[in-house]
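What's counted below: heavy atoms across the whole structure, side chains too, no hydrogens, waters or symmetry copies.
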Amino acid sequence: MTVTKQKLIREARSKSGQLQIRPPRGKGTDYVYLALRSMIVRLELAPGQKIDDSAIADMLGVSRTPVREAILRLSADKLVAILPNRGAQVAPLNALELTSYFEALELTHRALQHWACLRRSEKDLAKIDSARVAYENAVSIADPVAMSEGNLDFHRAIADASGNRMFDDFVMKLSVLGMRIGWIWYRDVAEGSHEKEAARTVAEHRQIAAAIRNRAVEEAERLASVHIGAFRDQVFAKLSLTLGGAVPISYRAT
């Protein structure tokens with residue numbers, strides 16, 4: 001996570017986790033974007049819920065212009081749906097689309113880790129390790145917000161190392177979507193559940209970083225499949241449990 005991003009997140013939320021009233025001067029859209037994204041990812045704004053830009057503006061202490069700009073950015077992230085003549089709403093979560101989502105996520109992560117092995121610089125490796133350590137620190141204090149952001153930053157650093165800007169833009173959109181899907185798991189970790197799974201994620205991040213450092217292309221691709229597969233299984237297991245087993249959700253490769 002960059003210093004600028006950390007500062008914006010701190011300014012967007014107080015120590016109690018509640019939103020601050022005033023944004024930093026000159027950073028209204030970034031502030032509103034991060035605040036709204038956090039509320040959507042944390043399911044504080046429910047899937048399908050209408051977004052009242054006036055109410056959001058009042059709550060954040062900004063004008064409606066940065067709110068509308070932030071909504072457009074979130075629409076590009078597929079977290080918000082803009083409806084003709086009906087405003088905007090939080091994009092729905094469709095369990096039937098999860099299999100397609102994870103197939104796309106695995107393929108893109110395999111490609112990015114392949115290219116990162118071949119193209120990474122020492123500066124890229126330092127960014128990857130910094131993000132990895134930040135994620136581990138978040139796990140150690142069971143902070144679900146920092147875990148979610150830290151995981152995104154780790155994979156963003158790998159995407160940057162791949163040297164393919166058009167492709168990493170696409171995978172970052174998938175990863176942002178994954179923040180909302182994964183929140184149900186991060187929240188459980190913060191509540192003391194899934195400690196073994198959290199430790200496994202830390203270990204997988206270390207293995208991925210080592211493979212990229214060592215330019216181990218085949219190993220990096222294999223680890224991408226393992227890493228995304230574990231995330232997929234955790235999410236599906238949680239969703240099946242939430243549904244009380246009435247509608248078990250499973251992944252089937254075809």
Side-chain angles (χ1 to χ4, degrees), residues 1-14 16-98 100-101 104-105 108 144-153 155-156 159-160 165-187 235:
M1 187 182 297
T2 65
V3 173
T4 300
K5 184 177 177 184
Q6 286 178 324
K7 184 178 179 182
L8 285 171
I9 291 173
R10 286 197 300 269
E11 289 169 332
R13 290 188 175 274
S14 68
S16 65
Q18 298 300 313
L19 292 172
Q20 298 273 5
I21 296 302
R22 293 291 173 187
R25 180 175 296 178
K27 296 179 180 177
T29 299
D30 286 340
Y31 169 83
V32 174
Y33 169 79
L34 286 171
L36 270 176
R37 192 183 75 178
S38 178
M39 286 188 280
I40 292 171
V41 166
R42 296 173 67 175
L43 304 180
E44 293 168 4
L45 290 175
Q49 180 175 339
K50 184 176 180 180
I51 299 175
D52 185 333
D53 57 358
S54 295
I56 295 295
D58 289 343
M59 180 174 63
L60 299 181
V62 299
S63 70
R64 294 173 68 181
T65 298
V67 175
R68 289 169 175 170
E69 291 172 350
I71 287 172
L72 288 175
R73 287 174 60 180
L74 290 164
S75 174
D77 291 339
K78 305 299 184 184
L79 290 175
V80 166
I82 297 177
L83 308 175
N85 302 317
R86 294 167 56 193
Q89 68 176 34
V90 178
L93 276 174
N94 187 342
L96 297 178
E97 294 179 353
L98 283 178
S100 295
Y101 168 79
L105 191 67
T108 51
V145 175
M147 288 171 64
S148 180
E149 294 284 348
N151 185 67
L152 179 68
D153 288 339
H155 292 292
R156 177 181 283 123
D160 290 344
R165 177 58 60 188
M166 293 185 68
F167 199 77
D168 76 33
D169 284 347
F170 172 68
V171 79
M172 281 303 101
K173 291 185 185 301
L174 288 176
S175 295
V176 168
L177 283 174
M179 293 173 73
R180 182 166 63 149
I181 296 169
W183 178 253
I184 56 176
W185 182 77
Y186 288 122
R187 182 180 57 199
V235 170

- Task: Step by step, work out the side chain to side chain contact (heavy atoms under 4.5 Å, CB included) result for M39 and M59.
- Result: CA-CA 12 Å; M39 286 188 280; M59 180 174 63; 3.7 Å; yes
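- The distance from atom CG of D52 to atom CG of D58, rounded to the nearest 0.5 Å, is 8.5 Å.
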Mind listing the side-chain donor-acceptor pairs of residues 71-84 below 3.5 Å, one per line with the distance, residues two or more places apart or on another chain?
residue	atom	partner	partner atom	Å
R73	NH1	D30	OD1	2.9
D77	OD2	Y33	OH	2.5

- Query: Could you walk me through whether V90 and R180 pass the side chain to side chain contact (heavy atoms under 4.5 Å, CB included) check?
  - Reply: CA-CA 11 Å; V90 178; R180 182 166 63 149; 3.5 Å; yes
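- The line from OH of Y101 to CG of L177 is 6.0 Å long, rounded to the nearest 0.5 Å.
- Within the model, atoms OG of S100 and CG of L105 stand 12.5 Å from one another, a figure rounded to the nearest 0.5 Å.
- Atom CZ of residue R64 and atom CG of residue D53 lie 4.0 Å apart, to the nearest 0.5 angstrom.
- Interatomic distance, M179 CE to M147 CE, rounded to the nearest 0.5 Å: 12.0 Å.
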- Could you please spell out the steps behind the side chain to side chain contact (heavy atoms under 4.5 Å, CB included) verdict for L45 and L36? CA-CA 8 Å; L45 290 175; L36 270 176; 3.8 Å; yes
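- Of all heavy-atom pairs spanning P47 and P92, the tightest one is CB-CA, 4.0 Å.
- Here N151 contributes atom CG and E149 contributes atom CD; the two are 10.0 Å apart, rounded to the nearest 0.5 Å.
- Taking each heavy atom of A70 and V32 in turn, the nearest pair found is CB-CG1, 3.6 Å.
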